[in-house]
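Accompanying notes for the structure given below.
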Amino acid sequence: MKLDLHTLGPLVALVALVILGAVLNSAFLAPANITNVLARSAFIGLIAVGMTFVITAGGLDLSVGSMAAFLAGIAIIAMNAALPGLGSNWGTILLGMGVAVLGGIAAGYLNGALVTKARIEPFIVTLGTMGIFRSLVTWLADGGTLSLDYGLRTLYRPVYYGGIGWITWPIIVFAIVAVLGEWTMRHSRFGRHVEAIGSNDRVARYSAIDVNRMRLLTYVLLGVLVGLAVVLYVPRLGSASGSTGVLWELEAIAAVIIGGTALKGGRGRVWGTVVGVLILSLIDNILNLADLVSPYLNGAIQGVIIVLAVVLQREKRTVEER
């Protein structure tokens, strides 16, 4: 059996990073550090799983970071507004969760409808909505920060910091979504149709696949997962502002590409996306622990990784064509 080095590459890189981190700093493998890395990667991980389906179908979404900021803002506003009537209890928190998820569905549908019904390029659509969502949350916060009521924040905190043993709820939710996402991509009709559309949407139409509906559903799925990420993110800081979610879209796209999903669509690997998310999180964690470079350069490092991943994909495609 011939080993596909392009497929195994992300796994090899992940193992190498774990070894490097352990060598550079003895605190790297401490349970507290591992839990922190996994919990913080869960937000990007959830979004990246949804992004895998969008990119596999030949789409793109640059608005997810701004969307997350906007959803966090309206969820906080909804909970604070409901506090006098409902009181400081889980009913109020569930209301905020519902606002975040339903808002994600609406935002995803908006992006998908503009792409499929208005026939505007995904890059242009999501570049526009990225600015819209970011401006809206900044306006709602009046240029400052939207903060959740202290009592609600205290009650809500276990959703991020609690869990089963050292495994917190964000890690558990991310793991469940990753497993379901991989199964959906590999074994469901939806996953097969998504890959077929990304490979050749004209052939997919001839095969009686409703291309526009499938593409719209990928954006709605991504919106749902952005909403779910917000549900888990809000109790961490209890606030939202115009700077919330900055560069999340870059991290999500980077994780998808690093994991082996084709940027032009047609081939998706949810398990690879999970590995990509962990690689980015470990790089960030190792740089912080070892104090090798300024944390302000993390975005530059992620950009370099994206470029290298695309170059490797192109080389692989060239070899396959030969």
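Quick caveat, the model's predicted, so the values are computed rather than measured. Scope of the values below: all heavy atoms of this structure, side chains included, with no hydrogens, waters or symmetry mates.
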Looking just at side-chain N and O atoms, do Asn111 and Thr129 make a donor-acceptor pair shorter than 3.5 Å?
yes
Do Val179 and Leu228 land in one hydrophobic cluster if side-chain heavy atoms of ILVMFWY residues count as linked below 4.5 Å?
no
With rounding to the nearest 0.5 Å, note down the distance linking CG in Leu221 to CD1 in Ile105.
10.5 Å
When you measure from the side chain of Ser135 to the backbone N and O of Ile132, does any donor-acceptor pair fall under 3.5 Å?
no
Heavy-atom pair of closest approach, residues Met51 and Ala252
CE-CB, 4.3 Å
Looking at side-chain heavy atoms only, is the closest gap between Phe174 and Val274 below 4.5 Å?
yes
Do Leu180 and Ile176 have side-chain heavy atoms sitting under 4.5 Å apart?
yes
Set of residues satisfying ring pair (Phe, Tyr, Trp, His ring centres under 6.0 Å) with respect to Phe190, sequence neighbours excluded
Phe53
Without swapping roles, check the side chain of Glu249 against the backbone of Val64 for a donor-acceptor pair under 3.5 Å.
no
Verdict with reasoning, Ile167 to Thr35, per side chain to side chain contact (heavy atoms under 4.5 Å, CB included):
CA-CA 7 Å; Ile167 306 176; Thr35 300; over 6 Å; no
Does the pair Asp284 and Arg40 meet the rule for a salt bridge (charged side-chain N to carboxylate O under 4.0 Å, His left out), with working shown?
CA-CA 11 Å; Asp284 183 53; Arg40 295 185 66 177; 5.4 Å; no
What heavy-atom pair brings Ile47 and Ala229 nearest, and what distance separates the two atoms?
CG1-CB, 4.2 Å
Would the number of heavy atoms belonging to other residues, nucleotides or ligands and lying under 6.0 Å from CH2 of Trp139 be above 12?
no
Interatomic spacing from NE2 in His193 to OG1 in Thr218 - rounded to 0.5 Å
14.0 Å
Testing the basics here: between Leu114 and Ala118, what is the closest heavy-atom pair and its distance to 0.1 Å?
O-CB, 3.2 Å
Does atom OH of Tyr161 have more than 12 heavy-atom neighbours, drawn from other residues, nucleotides or ligands, at distances under 6.0 Å?
yes
Side-chain contact, heavy-atom cut-off 4.5 Å: Thr244 with Val137?
no
Main-chain N/O of Val37 paired with Asn285 side-chain donor or acceptor, under 3.5 Å
no
Euclidean distance, Arg267 CZ relative to Glu195 CD, rounded to 0.5 Å
9.0 Å
Between CE on residue Met67 and CZ on residue Phe70, distance to nearest 0.5 Å:
10.0 Å
If the condition is side chain to side chain contact (heavy atoms under 4.5 Å, CB included), which residues does Arg119 pass it with, not counting sequence neighbours?
Asn212
Can you list every pair that meets ring-ring contact (aromatic ring centres under 6.0 Å, His included) and has a residue in residues 208-232, with sequence neighbours left out?
none
Is a donor on one side and an acceptor on the other found under 3.5 Å between the side chain of Ser66 and the backbone of Met130?
yes
Show your reasoning for whether side chain to side chain contact (heavy atoms under 4.5 Å, CB included) applies to Arg153 and Ser239.
CA-CA 9 Å; Arg153 190 186 314 176; Ser239 63; 5.9 Å; no
Test your reading of the model: is there a side-chain donor-acceptor pair from Thr92 to the backbone of Ser88, 3.5 Å cut-off?
no
Tell me whether Leu29 shares a hydrophobic cluster with Trp166, the cluster being built from Ile, Leu, Val, Met, Phe, Trp, Tyr side chains joined at under 4.5 Å.
yes
Are the side chain of Arg236 and the backbone N or O of Tyr160 linked by a donor-acceptor pair below 3.5 Å?
no
Beyond-backbone contact of Val125 with Leu62, side-chain heavy atoms, under 4.5 angstrom
no
For the residue pair Leu280 and Ile44, establish whether any side-chain heavy-atom pair is separated by less than 4.5 Å.
no
Which atoms form the tightest heavy-atom contact between Ala69 and Ala240, and what is the distance?
O-CB, 4.2 Å
Leu127 with Leu136, same ILVMFWY side-chain cluster at under 4.5 Å
yes
Test of understanding: clusters of I, L, V, M, F, W, Y form through side-chain heavy atoms closer than 4.5 Å, transitively. Do Ile286 and Val23 belong to the same one?
no
Test your reading of the model: is there a side-chain donor-acceptor pair from Thr261 to the backbone of Arg269, 3.5 Å cut-off?
yes
Give a yes or no on whether the backbone of Leu86 and the side-chain of Asn89 come within a donor-acceptor separation of less than 3.5 Å.
yes
Restricting to side-chain hydrogen bond (donor to acceptor under 3.5 Å, both in side chains), what partner residues turn up for Thr52, sequence neighbours left out?
Thr273
Sorted by chain and residue number, the side-chain hydrogen bond (donor to acceptor under 3.5 Å, both in side chains) partners of Thr145 (sequence neighbours excluded) come out as none
Do Leu24 and Phe28 have side chains that approach each other closer than 4.5 Å (heavy atoms only, starting at C-beta)?
no
Are Leu94 and Leu155 connected, step by step, through hydrophobic side chains (Ile, Leu, Val, Met, Phe, Trp, Tyr) whose heavy atoms are closer than 4.5 Å?
yes
Least distance between heavy atoms, Ala262 atom then Ile55 atom:
O-CG2, 3.4 Å
Applying ring pair (Phe, Tyr, Trp, His ring centres under 6.0 Å), can you list everything that pairs with Tyr233, at least two apart in sequence or on another chain?
Phe43, Trp248
So Ile258 and Val275, side chain to side chain contact (heavy atoms under 4.5 Å, CB included) or not? Walk me through it.
CA-CA 8 Å; Ile258 291 170; Val275 174; over 6 Å; no
Is the closest side-chain heavy-atom distance between Arg134 and Val246 below 4.5 Å?
yes
Within-4.5 Å side-chain heavy-atom neighbours: Leu250 and Leu247:
yes
Quick one: CG on Asp61 to CZ on Phe123, what's the gap to the nearest 0.5 Å?
12.0 Å
Write down the atom of Gly96, the atom of Met79, and the distance for their closest heavy-atom approach.
CA-CG, 3.6 Å
I need the Leu17 CG to Ile279 CD1 distance, nearest 0.5 Å.
6.5 Å
Apply side chain to side chain contact (heavy atoms under 4.5 Å, CB included) to Trp271 and Leu11, showing your working.
CA-CA 10 Å; Trp271 70 264; Leu11 288 173; 4.0 Å; yes
Before accepting this row, confirm whether a basic side-chain N of the pair Asp210/Arg205 lies closer than 4.0 Å to the acidic partner's carboxylate O.
no
